[in-house]
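Data block below; observations after.
Side-chain atoms are counted along with the backbone in the values below, which use heavy atoms only and exclude waters and symmetry mates. Keep in mind it's a predicted model, so treat the numbers as computed, not measured. One-based numbering, in listed order, for ligands and for the atoms of each.
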Amino acid sequence: MTAAQSPAPQARGPQQGRETWTSNRGFILAAIGSAVGLGNIWRFPGVAYEGGGGAFLIPYLIALVTAGIPILFLDYAVGHRFRAAAPLAFRRMWRRAEALGWFQTAILFVISTYYAVIIAWSLSYFYYSFGTKWGERPDEFFTGDYLRVGEAGVSGELVGTVAWPLIGVWALIIVILALGVAKGVEKLNVIGLPLLVLGFAALVIKAVTLPGASDGLNALFTPQWDKLSDLNVWIAAYSQIFFSMSIAFGIMISYASFQKRKSNMTSSGLVVGFANSSFELLAGIGVFSALGFLAHEQGKTYEQLDGLTGPILSFVTFPRVISEMPGSAFFGALFFGSLAIAGFTSLISLMLGVSVAFQEKFGLSRTSASVTVGVVAAIVSFGLFATTTGLLALDTVDQFANNIGIVVSAIAMCVIAVWVARTIETLRAHLNAVSTFKLGWWWVPVIGVYAPLFLTVMLVQKIYDLIVDGYEDLPTWYVGVFGWGTVGFLFVFAAVLTAVGWKGRDDPSFTPWPIVGSGPSSAESKESVR
Ligand code: PFF
């Protein structure tokens, strides 16, 4: 019998001493802050363009409705019901599922080590915007003067221009983590998110009024219907939704675990999901208008531009746009400032997931967990990604952690909840008891059948491509170490941390909150939500 199915005696205190967000608004802001990140600004526009422009919106919206929102609800249900970060929450759902929680925590750890570096670049470029320091050749400046990129390999040579701002990023993250959920993470989002929205809206308004903006927008929105028959476009849409909404990473489990007992979970989820996609669209409009302007200034068509995705879009192509523009310092500061803030509110969520998982397993205080995990992540971040070989390593690790790690995690989560632990009806009843937007029966087949099947197809295709084609012409040994090595690390980390004994809060008397509604846990159903 699982914890979810066992009859619930009297649940102790409303939160059993757990921290909470100060309000539902605080939770929603923090969840939007986690979702809206670098993925929205630099990933979405390029993915949308390559995926068929206007036509991409179809797989994107289907992915949002058939996987994004349903899996977000699953994350919320697990977190709110079992009130812990991913490892302990899954353990309370089904003892052996703890390993899945550590697998997710490993992904969070890996992503945060390079995500922080990109925020450090954004801070440098925020500063460089005043005076367009990248000069005439932003491409040479980025990889040469700024990153001092070397051959594919492993170099211990730190790059000072990256390392200095990176120290600031990690110091701030550790302080905010140590301040806790309400005083640290929520405050950061309450201040950061409005700033981000205002700054980014100003940037988009400026961008759409530039000469040539409409050419860029046409390039983004003109539908290429033939792309819809390409499986890879669908895969790209699902991957984008996962990364962008921060789902199946365990983050939303931790965030939901800090919600008060009576919290409108599904309605909040809808707000978060649609806010994230709206920001993504806004970013698409801003970025493509600016690129249309660049093409116009250089007397090219949009299709003749290059460097339209990822780091190169933000750190080479955008500086070009900025240099072409009157009043460019302001525009540059808005762009890189937005990138840094969006990144920060996401990085804090990644690290909170890691820190709370360790607090719970090892019984650490918040401060010692924050400092320990923060310092270890910072060391890896410096050693691997702030060096002359950091750019390549970052790109490779990102590709494997996201395209393989996250998909494995999402499949496992759906299968365990529906087929192994069989808690899905209890979770549905739980969400329905606390929320105004009720989840219908459709949620169960979506989570239990559609999502895992589609995700498995996606995973098999991705693995096949990576094995057959390798990655980006990189040497096989390199892809082996940084790509497959990353995947291996996720499994080893999960196995080791699951095997270590619990020293912390695996409280045997834990009982899920009583809920109203139907479902197997009828003993709980009799009690009302207080
Ligand atoms: N959603 C963030 C983005 O779009 O950049 C990235 C992210 C944050 C992914 C937190 C995963 C996560 F847990």
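- The 4.0 Å heavy-atom shell around ligand 1 contains residues Ser34, Ala35, Gly37, Leu38, Gly39, Asn40, Leu108, Tyr115, Phe243, Ser244, Ser246, Phe249, Ile251, Ser346, Ser349, Leu350, ordered by chain and number.
- Residues Met413 and Gln104 are in side-chain contact: their nearest non-hydrogen atoms beyond the backbone lie under 4.5 Å apart.
- Considering Ser254, Ser34, Ser112 in turn, Ser34 is the only one that fulfils the side chain to side chain donor-acceptor pair (under 3.5 Å) rule with Ser349.
- Residue pairs satisfying the side-chain hydrogen bond (donor to acceptor under 3.5 Å, both in side chains) criterion with at least one member in residues 184-196, sequence neighbours excluded, are listed as follows: Thr22-Glu186.
- Partners of Ser267 under the side-chain hydrogen bond (donor to acceptor under 3.5 Å, both in side chains) rule, at least two apart in sequence or in another chain, are Asn264, Thr436.
- Thr396 places no side-chain N or O within 3.5 Å of a backbone atom of Phe482 that could act as its donor or acceptor partner.
- Not counting sequence neighbours, Trp443 has no partner by the side-chain hydrogen bond (donor to acceptor under 3.5 Å, both in side chains) test.
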